[in-house]
S.K.: 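Got a structure for you, questions after.
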Amino acid sequence: DVSSVDYETARFYSVVSEIRATEYLQAIGTLQDYLASEAPVKKQEAEWYLAIAYVSTGQTAAARPLLDRLISSPNAKIKGQAQELLRLLE
């Protein structure tokens, strides 16, 4: 259904705005809800932003499993970013 895809995409981009505005705690809740939806359109991107929000709020233990999963991503950009962030956390 096109309307549900449009809604999910809009929801995802609203979270990106929250991250850019450094509203990390709000973004965490929104991203968790988004990822719990039936079929998130931008799952890997959402996991990446959730990892950033976790790290930004000092929740590195919550970020690590997401980053480990993203390292196996076929998306080279996300994979590289996840590897770099994990290196910084060590």
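All values below come from the heavy atoms of this structure, side chains included, with hydrogens, waters and symmetry mates left out.
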S.K.: Should Lys79 and Ser72 count as side-chain neighbours, where that means a heavy-atom distance under 4.5 Å?
M.R.: no
S.K.: If I take atom CG from residue Asn75 and atom CD from residue Gln81, how far apart are they, to the nearest 0.5 angstrom?
M.R.: 8.0 Å
S.K.: Check the pair Leu66 / Trp48 against side chain to side chain contact (heavy atoms under 4.5 Å, CB included), numbers first and verdict last.
M.R.: CA-CA 7 Å; Leu66 291 169; Trp48 167 245; over 6 Å; no
S.K.: Between Leu67 and Leu89, does a side chain to side chain contact (heavy atoms under 4.5 Å, CB included) hold up when you go through it step by step?
M.R.: CA-CA 11 Å; Leu67 294 169; Leu89 294 177; 3.9 Å; yes
S.K.: Under 4.0 Å between a side-chain nitrogen and a carboxylate oxygen: does that hold for Arg87 and Glu84?
M.R.: yes
S.K.: Does a side-chain heavy-atom distance below 4.5 Å link Tyr34 with Lys42?
M.R.: yes
S.K.: Any idea which heavy atoms bring Ala63 and Ala51 closest together, and the distance?
M.R.: CB-O, 3.7 Å
S.K.: Taking all heavy atoms of Gln83 and all of Ile71, pick out the closest pair and write down the distance.
M.R.: CG-CG1, 3.7 Å
S.K.: Minimum heavy-atom separation for Leu86 to Arg64, with atom names?
M.R.: CD2-NH1, 3.9 Å
S.K.: So how far is it from Lys43 NZ to Glu45 CD, rounded to the nearest 0.5 Å?
M.R.: 12.0 Å
S.K.: Can you name the residues that form a side chain to side chain contact (heavy atoms under 4.5 Å, CB included) with Thr57, not counting sequence neighbours?
M.R.: Tyr24, Leu25, Ile28, Gln59
S.K.: Under the side chain to side chain contact (heavy atoms under 4.5 Å, CB included) rule, what do Thr60 and Tyr54 come out as? Steps first, then yes or no, please.
M.R.: CA-CA 6 Å; Thr60 56; Tyr54 280 144; over 6 Å; no
S.K.: Look up atom CG in Leu70 and atom CG in Leu50, then write down how far apart they are to the nearest 0.5 Å.
M.R.: 9.5 Å
